[in-house]
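Reading through the structure tokens given below for one structure.
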There are 2 protein chains.
Amino acid sequence: MKREIEILDNFIRERGLRHTPQREVILRVFLSIEKHLSVDELYTIVKRRNPKIGYVTVYRTMKMLEDAGLCNEIDFGDGVSRFEHQYGHGHHDHLVCLKCGSYIEVINPEIEKLQDELARRNRFVPLKHKLQIFGTCNKCLG
Amino acid sequence: MKREIEILDNFIRERGLRHTPQREVILRVFLSIEKHLSVDELYTIVKRRNPKIGYVTVYRTMKMLEDAGLCNEIDFGDGVSRFEHQYGHGHHDHLVCLKCGSYIEVINPEIEKLQDELARRNRFVPLKHKLQIFGTCNKCLG
DNA sequence: AGTTTATTGAAATTATATTTCAATAATACA
DNA sequence: TGTATTATTGAAATATAATTTCAATAAACT
Ligand SMILES: [Zn+2]
Ligand SMILES: [Zn+2]
Ligand SMILES: [Zn+2]
Ligand SMILES: [Zn+2]
């Protein structure tokens with residue numbers, strides 16, 4: 001947590017932006033929850049801590065945290081963007097349960113390597129990728 | 001084309017739905033273009049053939065064609081759904097160029113196999129998946 | 001303390017997806 | 001062929017999430 005607050009402060013200082021209590025609260029709440037959160041979900045939780053903070057500030061702060069490398073926007077294709085922790089979390093892919101909405105984070109170096117090869121064979125320079133496997137999780141199989 | 005029209009007609013008959021000129025025109029236009037098309041793009045083209053056809057009819061017809069197995073909705077995460085041909089086109093993944101918006105369709109059986117293994121190891125039953133690699137295509141590297 | 005200007009937050013706007021509903025037209029049947 | 005039934009159409013309305021606008025506020029600097 002401390003390190004992430006530092007990163008935010010550096011990001012703010014380097015760009016001549018301003019440290020505000022809103023930004024710090026939003027970052028703290030975001031970091032305290034090890035989940036993928038939509039702006040709306042985060043806003044609801046942040047409001048409990050400080051009812052004065054508005055939705056748009058949460059929205060803008062998350063965009064800023066993304067620029068600062070502290071969070072990552074993900075899209076499961078259901079029309080809602082979600083954010084996940086980025087600092088200290090390596091790249092991973094997702095198994096998304098269509099019944100309960102839960103997800104498992106996975107990483108497979110072999111798949112990653114094959115993807116790079118696939119891109120190279122098509123003379124394509126890969127920047128990032130999205131791999132999501134949709135199905136039914138163990139709990140929902142019951 | 002003939003075979004796809006047949007599939008649509010069977011789908012319509014089996015369910016007690018009705019064959020309409022709109023549905024046939026939309027399917028014919030869709031099949032005639034080997035591209036990923038949004039409802040809006042398709043609507044613009046369809047209107048040239050028959051200006052009476054409305055956006056919503058194109059929208060609903062595409063949903064129906066998807067049910068009939070004739071098209072597949074894809075989402076590159078830019079807020080617009082696009083449709084691609086499904087009949088006679090096997091599963092594939094996409095390399096999407098962030099500069100020009102073009103895409104390359106690719107398939108790598110090894111990646112597909114590793115994905116299934118990855119799911120199984122997590123006691124997850126995969127139904128479908130989405131693999132998109134974003135970057136720069138050969139033409140845009142110039 | 002005063003000045004500058006980034007930030008905030010409510011409201012407005014944008015953009016796409018989806019629903020509603022009265023009019024229309026495809027199908028079944030007398 | 002005409003009539004009844006009901007699926008379909010298309011314009012308009014609505015839903016939903018993302019994004020922009022702008023006047024008021026408050027950090028940061030002198
Ligand atoms: Zn990956
Ligand atoms: Zn994740
Ligand atoms: Zn695949
Ligand atoms: Zn494709």
Side-chain angles (χ1 to χ4, degrees), chain A residues 5 8-29 36-68 71-83 101, chain B residues 5 8-29 36-68 71-83 101:
Chain A
I5 303 273
L8 176 61
D9 281 349
N10 288 341
F11 182 88
I12 283 173
R13 212 170 309 115
E14 280 166 14
R15 310 212 173 190
L17 306 177
R18 290 173 188 178
H19 179 100
T20 67
Q22 287 94 331
R23 286 176 174 166
E24 188 166 331
V25 166
I26 292 164
L27 175 56
R28 283 182 184 281
V29 168
H36 296 165
L37 292 168
S38 66
V39 170
D40 204 60
E41 289 165 339
L42 201 49
Y43 166 61
T44 302
I45 301 167
V46 162
K47 229 165 64 154
R48 290 206 284 266
R49 178 90 55 109
N50 180 344
K52 290 295 194 57
I53 297 180
Y55 174 91
V56 188
T57 301
V58 177
Y59 168 78
R60 281 182 292 220
T61 300
M62 294 315 289
K63 292 289 184 191
M64 180 177 166
L65 294 182
E66 190 165 29
D67 282 343
C71 76
N72 185 33
E73 190 168 355
I74 54 178
D75 171 17
F76 288 156
D78 62 352
V80 184
S81 275
R82 294 181 180 78
F83 294 86
Chain B
I5 303 272
L8 176 62
D9 280 349
N10 288 341
F11 182 88
I12 284 173
R13 214 169 308 115
E14 280 165 15
R15 312 213 170 188
L17 305 176
R18 288 171 187 179
H19 181 100
T20 67
Q22 287 94 330
R23 286 176 173 165
E24 186 164 333
V25 167
I26 292 165
L27 174 56
R28 282 182 184 283
V29 169
H36 295 166
L37 292 168
S38 66
V39 169
D40 205 60
E41 289 164 340
L42 201 50
Y43 167 62
T44 302
I45 301 166
V46 163
K47 229 162 67 150
R48 289 207 285 267
R49 178 91 55 109
N50 180 345
K52 290 295 194 60
I53 295 181
Y55 174 91
V56 189
T57 300
V58 177
Y59 168 78
R60 282 184 290 221
T61 300
M62 293 317 286
K63 293 291 184 189
M64 178 177 168
L65 293 182
E66 190 165 28
D67 282 342
C71 75
N72 186 32
E73 191 167 354
I74 55 180
D75 172 16
F76 289 155
D78 63 352
V80 185
S81 274
R82 292 181 180 80
F83 294 86

For A:R49 and A:V46: C-alpha separation, side-chain torsions, deciding distance, then whether side chain to side chain contact (heavy atoms under 4.5 Å, CB included) applies. CA-CA 5 Å; A:R49 178 90 55 109; A:V46 162; 5.6 Å; no
Just how far, in rounded Å, is P of C:dT7 from CG of A:L65? 13 Å
What is the distance, to the nearest angstrom, from the OH atom on B:Y43 to the C1' atom on D:dG10? 9 Å
How long is the straight-line distance from CG of B:N72 back to CE of B:M62, given to the nearest 0.5 Å? 10.0 Å
How long is the line joining CE of A:M62 and P of D:dA17, in whole Å? 17 Å
Rounded to whole Å, CG of A:D40 lies from C1' of D:dT19 at a distance of 15 Å
Tell me, do A:E24 and A:D9 make a side-chain contact under 4.5 Å, heavy atoms counted? no
Under 4.0 Å from any atom of DNA chain D, heavy atoms only: list the residues of residues 9-28 of chain B that qualify, in numerical order. B:G16, B:L17, B:R18, B:T20, B:Q22, B:R23
With rounding to the nearest 0.5 Å, note down the distance linking NZ in B:K63 to CZ in B:F83. 5.0 Å
Expressed as a whole number of angstroms, how long is the span from B:E73:CD to C:dT16:C1'? 12 Å
Would the distance check show the side chain of B:E66 and the main-chain N or O of B:E73 forming a donor-acceptor pair, the cut-off being under 3.5 Å? yes
Indicate yes or no: at least one non-hydrogen side-chain atom of A:L8 is less than 4.5 angstrom from one of A:L65. yes
I'd like a table of atom pairs between the protein and nucleotides 28-30 of chain C - only N or O on both sides, under 3.5 Å - with the distance next to each one.
none

Any side-chain N or O of B:S38 below 4.0 angstrom from OP1/OP2 of C:dT16? no
Donor-acceptor contact below 3.5 Å, side chain B:R23 vs main chain B:R18: yes
Residues in residues 51-60 of chain A with a heavy atom under 4.0 Å of DNA chain D, by number, are A:Y55, A:V56, A:Y59, A:R60
Measure from CG on A:D75 to C1' on C:dT16 and round the result to the nearest Å. 14 Å
Out of curiosity, A:R15 CZ to A:N10 CG, how far, rounded to the nearest 0.5 Å? 11.5 Å
Spacing of A:I5 atom CD1 and A:L27 atom CG [to the nearest 0.5 Å]: 4.5 Å
Kindly compute the distance separating OG1 (B:T61) from CG (B:L42), expressed to the nearest 0.5 Å. 9.0 Å
At less than 4.0 Å, is any side-chain N or O atom of A:K63 found next to OP1 or OP2 of D:dT19? Yes or no. yes
Once rounded to the nearest 0.5 Å, what's the spacing between atom SG of B:C71 and atom NE2 of B:H36? 11.0 Å
To the nearest Å, give me how far apart CE (B:M64) and C1' (D:dA7) are. 11 Å
